[in-house]
Amino acid sequence: SLETRAENPVAVAAPPPKSESLPGSRYFFWTAILASVALGAFYFSHARPAESDGKPIPDLAAFLPERADGWQVSSTPNLYQFAGVLQTTHLVERTYQRLIAPGQLVQLTVYLAYWPAGTATVSRVASHTPDACWPGSGWSAKASDEMRAVLRVPERPLPAAEHRLFQNSEGFAQHVWFWHIYDRRPINYRDPYSVPALLELAWRYGFRQPGDQCFIRISSNLPWSEISHEALVGEIVSNLAAVGL
């Protein structure tokens with residue numbers, strides 16, 4: 001039993017007469033009601049998305065070339081199955097592949113998701129990073145010497161990116177770099193498994209300032225140093241400057 005019987009019961013004081021207890025009960029009741037209303041108002045004002053900022057929705061597909069010299073290009077056809085979970089239908093993903101030597105393939109995949117201001121909270125977007133989603137899709141995280149990477153292409157340096165290394169059951173490795181853009185500026189990464197970290201996002205941004213959001217993920221079977229010189233990478237990165245990369 002979770003309870004034990006006291007060998008020497010302690011006498012319990014008798015409750016005060018009704019005429020004395022009612023005012024205190026009413027005070028407690030109305031205090032609890034007012035506190036609940038205040039907390040609800042605070043949550044509503046801080047957790048609701050901002051009103052639309054009027055920015056035109058970017059053409060995500062136009063950022064990722066449909067054709068590239070020497071590359072085989074394919075688009076992921078079933079992204080909209082995730083629209084309900086992600087709270088957006090503005091999704092695109094393209095994969096580029098080419099042989100760089102007999103039996104040696106270079107693969108580049110770029111995924112973009114966009115949320116107009118007022119359609120999703122910052123913490124909601126931050127909860128769908130590769131750290132949270134890839135392990136459930138059959139990928140295992142591997143140790144990486146550089147979790148946060150400063151990348152560059154020949155034209156310019158890029159904002160610091162989160163870097164992860166994953167591997168599937170067949171031993172195929174993927175270097176993954178990603179950015180969360182808010183109001184056309186990268187924001188610091190937050191651990192999707194950390195409730196305090198996501199609450200800190202809610203507190204910091206408050207969702208009272210209008211700001212659209214974009215999630216950018218670039219992945220490849222090769223490290224950045226071996227793909228950054230590719231003209232295709234430079235073109236894509238240059239296009240993504242329009243949304244804050």
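When side chains are defined from C-beta on, Val106 does not count as touching Gln97, because their heavy atoms never get closer than 4.5 Å. Counting heavy atoms from C-beta outward, Trp179 and Leu240 have side chains that stay 4.5 Å or more apart. Side-chain contact between Leu91 and Tyr111: present, with at least one pair of heavy atoms (C-beta onward) separated by less than 4.5 Å. Counting only heavy atoms from C-beta outward, the side chains of Leu232 and Tyr96 approach each other to under 4.5 Å. Looking only at side-chain heavy atoms (C-beta outward), Gln174 and Trp139 come within less than 4.5 Å of each other. Taking 4.5 Å as the limit, every side-chain heavy atom of Glu93 sits out of range of all side-chain heavy atoms of Ser75. The shortest side-chain heavy-atom distance between Thr89 and Tyr80 falls under the 4.5 Å cut-off. Side chains of Ile216 and Trp177 form no contact here, defined as non-hydrogen atoms less than 4.5 Å apart.
Here the CH2 atom belonging to Trp115 is positioned 10.5 Å from the NE2 atom belonging to His90, to the nearest 0.5 angstrom. Rounded to the nearest 0.5 angstrom, Thr88 OG1 and Phe82 CZ are separated by 14.0 Å. In this structure, NE2 on His163 lies 10.5 Å from OG on Ser219, to the nearest 0.5 angstrom. In this structure, the separation between CG on Leu222 and CD1 on Ile100 is 5.5 Å, given to the nearest 0.5 Å. One finds the CG atom of Asp59 at 12.0 Å from the OH atom of Tyr114 (value rounded to the nearest 0.5 Å). If you take CD on Gln213 and OG1 on Thr119, they are separated by 7.5 Å, rounding to the nearest 0.5 Å.
Here the closest non-hydrogen pair linking Ala242 and Arg184 is O-NH1, 3.1 Å. Of all non-hydrogen atoms in His175 and Pro223, the two that sit nearest each other are CD2-N, 3.6 Å. The shortest heavy-atom contact between Asp131 and Phe178 is OD2-CZ, 4.4 Å. Here the closest heavy-atom approach between residue Pro135 and residue Pro130 is recorded as CD-O, 3.4 Å. When every heavy atom of Leu151 is checked against every heavy atom of Ala161, the shortest pair comes out as CD1-CB, 4.1 Å. When all heavy atoms of Ala132 and Ser127 are compared, the pair lying nearest together is CB-O, 3.6 Å.
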Next on the checklist: Would Phe63 and Val243 count as a side chain to side chain contact (heavy atoms under 4.5 Å, CB included) here? Give the steps.
Outcome noted: CA-CA 10 Å; Phe63 294 151; Val243 290; 3.8 Å; yes
Item to check | Check against side chain to side chain contact (heavy atoms under 4.5 Å, CB included), Val110 and Leu112 | outcome: CA-CA 7 Å; Val110 186; Leu112 306 175; 4.2 Å; yes
Next on the checklist: One pair to check against side chain to side chain contact (heavy atoms under 4.5 Å, CB included): Val73 and Glu66. What are the steps and the verdict?
Outcome noted: CA-CA 7 Å; Val73 185; Glu66 292 185 86; 5.5 Å; no
Checklist entry - Yes or no on side chain to side chain contact (heavy atoms under 4.5 Å, CB included) for Glu230 and Arg98, after CA distance, side-chain angles and deciding distance? => result CA-CA 12 Å; Glu230 296 281 356; Arg98 71 180 179 89; 2.6 Å; yes
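Under the 3.5 Å distance criterion, the side-chain polar atoms of Thr121 are matched with a main-chain donor or acceptor of Arg124. Here the side chain of Asn221 pairs a donor or acceptor atom with the backbone of Leu105 at under 3.5 angstrom. At distances below 3.5 Å, not a single donor-acceptor pair connects side-chain atoms of Ser228 with backbone N or O atoms of Val153. A distance-only check finds no donor-acceptor pair linking the side chain of Asp183 to the backbone of Gly211 [under 3.5 Å]. In terms of modelled atom types and a separation under 3.5 Å, the side chain of Arg164 and the main chain of Met147 share a donor-acceptor contact.
In this structure Arg156 satisfies the salt bridge (charged side-chain N to carboxylate O under 4.0 Å, His left out) test with no other residue, sequence neighbours excluded.
Between Arg217 and Glu162 no salt bridge is recorded (no basic side-chain N to carboxylate O distance below 4.0 Å).
Tracing side-chain contacts under 4.5 Å through hydrophobic residues (I, L, V, M, F, W, Y), one reaches Phe166 starting from Phe172; they form part of the same cluster. Put simply, Ile57 and Leu245 are part of the same group of oily side chains (I, L, V, M, F, W, Y) that touch within less than 4.5 Å, one to the next.
A donor-acceptor contact closer than 3.5 angstrom is absent between the side chains of Ser74 and Thr95.
For CG of Asp69, the number of neighbouring non-hydrogen atoms (other residues, nucleotides, ligands) closer than 6.0 Å is 12 at most. Annotation: Glu226, atom CD; neighbour count of heavy atoms from other residues, nucleotides and ligands within 6.0 Å is above 12.
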